[in-house]
Amino acid sequence: MTPAKLTSIIITPFLHPLLAAKSFFSSVSLANSKTHLLTHFNRIVDKNSVSSWNSAIADLARAGDSIEALHAFSSMRRLYVRPDRSSFPCALKSCAALGSLFSGQQLHLQAFILGLHPDLFVASALVDMYSKCRVVDDARKAFDDTPVKNAVVWTSMIVGYVWNDAAREAAHTFKCFFAEVGGFEVDYVAAVSALSACARIGEKKVTRGLHGALVKLGLEMETGVGNTLMDAYAKCRLLEVARKVFDGMSQRDNVSWNTMIAVYAQNGLSAEALELYTEMLRTGGVLYNAVTLSAILLGCAHAGALQMGKCIHSQVIRMCLEKDVYVGTSVVDMYCKCGRVEMARKAFNRMKDKNIKSWSAMVAGYGMHGRGQEALEVFDEMRRFGPKPNHITFVSVLAACSHAGLLDEGRHWFTAMQEDYGIEPEVEHYGCMVDLLGRGGCIEEAYGLIKGMRVKPDFMVWGALLSACRVHKNVKLAEISARKLFELDPKNCGYYVLLSNVYADAGRWRDVEKMRVLMKQRKMVKTPGYSSVELKGRIHVFLIGDRRHHRHEEIYEYLDKLTVRMQEAGYVPDTRSVLHDVDEEEKETALRVHSEKLAVAFAILSTAPGTSIQIVKNLRVCCDCHSAIKLIAKLVDREIVVRDSHRFHHFQDGSCSYIGHGIPCFRSYQQLKVHTNFLGKKRRLIWSWKSASLPWWGIQNSSKACREQCSTVSESRDIITLLVFLRRRKAAGPLKGIRGGDSHVHSCFLFFNP
DNA sequence: CTAGGGTTAG
């Protein structure tokens, strides 16, 4: 580059479109004779003093006004003020925030010309800027060009790799750092960065190794280190170790609590998540915030705990967090997974900023309720007004088509995704397509699709095919897909059962027997099926034939009565389901005491007439339970919503929206396994809400917006029942305050506005 | 008289 060109770049440094906008600094020039400027934040800038400019740039960068910060830098250059080592870090940080590589490169060039690039502050900012602009190779070059490195430069490089999805590289860099300085100089920020790399890698060995090293350095007592360590262990699926770290921490901040709650919620341990949340409120002495509520909402969504979810939603509104995209999306997701897709839609409409995940959540929400047409309408709206759909959105769209049986639409979007949006289909997309085609009866076409896949088909794909084979009685392909499934997911006995169902339907009893023997030989352990129902702040869990519930006698008695009424109405037990779900020895009792029936009976007994009932089942609802619950809903005149591992069944007026089989919408075998352990370890089956008081108070004075959402009679009745319950528990304070907008109750609310 | 690196969420 010629000196002349260099000069021109230095004098008019920023030609980037970002900086075309009018700025306060645009009018600043040599022609202007004033020596001082009064800028943003009432800061007085001496036009000729570098440090004065530096402060102004720092102010703007700190406030997040990156463009103005760069304008300020630009104006300074126009006045021929020579930047010093303090001018660059803030300016580079602004480039990083904007992702503006162009401006960043020019700053690099200027720093280079002024000979400031080996300065530690400048170097670390450069590394940071390049990695945030996604050119990790240049970040590495800037890193290597720094002759003497300190912890900050090393950390910037480690974080840079993590940012650019190169976690292993990051871990390796930390190792080099550690070796070079012999452990001295490794501070807790470096440790946190390295641990976040471990979390990405997700390998037990790596995390344990680093943990050991940090203990030696005496860094493990730092709160930040503990927080990240918990996350890293959780990502390695060592939940108990994560909890141990949490318990062993001498100081916990809200990130510690949030992390632990999120870990539980993400792994399907909703009860633990909610329990920890109450503990946080009671003893933690820390403030909860958007992150906490987001995690708790996820827990509610998983447990299907609508009432709790509403409480949290109410708190969200009070804390003015509805406008937060993350929280807003969690609310939408929670309502969808708790069976209230209309309420989800209302919450969705109230969101001002919607990101791609909010839109995808709404599409998926309609999809899991079998409302494909509405899902496609939302998708259409998204294409016109929202962000550009990505691969996640298309998973939602295809799943919606498959759940609603929209064969042509599904085919159309699968092609359009590749041709118009340039998105290569991944395993999930194939899973949806195989399910869609299989359900539509095009089994051979589905099999053809699998054979032509570029990625390796996973258990979802083969599982979808196997399910379709059962519905359409295709023994040959069932055997093929089952064989694959035995390899891919050897511990899951569901496929053995499914294949034996296919044999049974074809009358091949010898093969059915073979399957049974095979299962015994391979020592398959069944995932225990259970159903749960939320009632006044408790989650009641029922296993098959469970007699551990304190009201079990009442429940069985009522169930017997119901059975008689059902038989009078013409109900005949559907024996296919016995094959579907249960072993030989459990056959006789099995049908009548399936966990979902127990849960339904318990819910009817315990709620006021007309209240709608929500059940969550971890496996699929069997055919018999399906028809039985349909009849029960009619007999007792209730709306019953059952969410199983695959989709929602809305029972009302003797009908159900359920269509055939499908691929799971609540997928995650990890979650099921954790649950199995949870039950296998004989933890409390009936999880009781230890301290119902605090989180529940939100509902008393539900903000107007939330009340509007709870518009139906049964829902407001839910709330009243809840209030009476709370009063009985003396947790709720005076009732008069509950009914009206009494200020006394307001003052009782422990709402922390962080 | 100012400046650089980190953790939780869907």
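Model, not experiment: these values are computed from the prediction. So you know, we letter chains A, B, ... as the sequences are listed, proteins then strands, and number each from 1.
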Fill in: Student check: side-chain heavy atoms of A/F88 and A/L107 closer than 4.5 Å
yes

Discussion item. Distance criterion of 3.5 Å, no angle test: do you see the side chain of A/S55 paired donor-to-acceptor with the base of B/dT2?
Written reply: no

Worksheet item: With a 4.0 Å cut-off on heavy atoms, is A/L298 in touch with a base, just the backbone sugar-phosphate, or nothing at all?
Response: sugar-phosphate

Worksheet item: Is A/V291 touching bases, backbone alone, or none of the nucleic acid, heavy atoms closer than 4.0 Å?
Response: base

Worksheet item: Between A/M129 (CE) and B/dG5 (C1'), how many Å, whole number?
Response: 15 Å

Worksheet entry | Distance in Å, A/T329 OG1 paired with A/M362 CE, rounded so as to fall on 0.5 Å steps | 11.5 Å

Fill in: A/F648 and A/H369 aromatic ring geometry - parallel, tilted or perpendicular at 30°/60° bounds
parallel

Worksheet item: Do A/R383 and A/F379 meet the cation-pi criteria used here (NZ or CZ under 6.0 Å from the six-membered ring centre, within 45° of the axis)?
Response: yes

Discussion item. Measuring to OP1 and OP2 of B/dA3, would you say a side-chain N or O of A/K93 lies under 4.0 angstrom away?
Written reply: no

Item to complete: To the nearest Å, give me how far apart CG (A/D119) and P (B/dG4) are.
Response: 12 Å

Discussion item. Filter on salt bridge (Lys or Arg N to Asp or Glu O under 4.0 Å), then keep only pairs touching residues 144-155 of chain A, sequence neighbours left out; what's left?
Written reply: A/R140-A/D144

Worksheet item: Taking atom P of B/dG10 as reference, at what distance in whole Å does atom CG of A/L293 sit?
Response: 12 Å

Worksheet item: Side chain of A/C90: nearest nucleotide among B/dG6, B/dG4, B/dG10?
Response: B/dG4

Discussion item. Can you tell me which nucleotide in B/dT8, B/dG4, B/dG6 comes closest to the side chain of A/K132?
Written reply: B/dG6

Practice prompt. Under 4.0 Å between any heavy atoms, over every strand shown, what does A/T259 touch: base, sugar-phosphate, or nothing? Just pick one.
Written response: sugar-phosphate

Worksheet item: Looking across every strand, which nucleic acid part, if any, lies under 4.0 Å from A/A262 by heavy atom: base, sugar-phosphate, or nothing?
Response: sugar-phosphate

Fill in: Sequence-distant partners of A/D84, salt bridge (charged side-chain N to carboxylate O under 4.0 Å, His left out), two or more places apart
none

Item to complete: Measure from CZ on A/F246 to C1' on B/dT8 and round the result to the nearest Å.
Response: 12 Å

Worksheet item: So, is A/Q266 close to the B/dT8 phosphate, meaning a side-chain N or O under 4.0 Å from OP1 or OP2?
Response: no

Worksheet item: With a 6.0 Å cut-off on ring centres, are A/F246 and A/W257 close enough?
Response: yes

Worksheet item: Is the backbone N or O of A/H302 less than 3.5 Å from a side-chain atom of A/R643, with the two atoms forming a donor-acceptor pair by type?
Response: yes

Fill in: Options B/dA3, B/dG10, B/dG5, nucleotide nearest the side-chain atoms of A/A58
B/dA3

Discussion item. Measure CH2/A/W257 against C1'/B/dT8 and give the value in whole Å, please.
Written reply: 14 Å

Worksheet item: NA contact type, A/A361, heavy-atom cut-off 4.0 Å: base, sugar-phosphate, or nothing?
Response: nothing

Fill in: Between C1' of B/dT7 and CE of A/M230, the distance in whole Å
10 Å

Practice prompt. Ignoring backbone atoms, test whether A/R62 places a side-chain nitrogen or oxygen under 4.0 Å from the OP1 or OP2 oxygen of B/dA3.
Written response: yes

Worksheet item: Tell me, which of residues 191-198 of chain A have any heavy atom that sits under 4.0 Å from an atom in DNA chain B?
Response: A/V192, A/S193

Practice prompt. With heavy atoms under 4.0 Å as the rule, sort A/N355 into base, sugar-phosphate or nothing.
Written response: base

Worksheet item: Whole Å only: how far is the OH atom of A/Y264 from the C1' atom of B/dG10?
Response: 21 Å

Discussion item. What is the distance, to the nearest angstrom, from the CZ atom on A/R200 to the C1' atom on B/dT8?
Written reply: 13 Å

Discussion item. From C-beta outward on A/N227, which listed nucleotide comes closest to its side chain: B/dG4, B/dT7, B/dG5?
Written reply: B/dT7

Item to complete: Select base, sugar-phosphate, or nothing to describe what A/F88 touches, counting heavy atoms under 4.0 Å on all strands.
Response: nothing

Worksheet entry | hbond_proxy A/D187 side chain to B/dG5 base (donor-acceptor, 3.5 Å cutoff) | yes

Worksheet item: Are the side chain of A/N164 and the backbone of A/G160 linked by a donor-acceptor contact shorter than 3.5 Å?
Response: yes

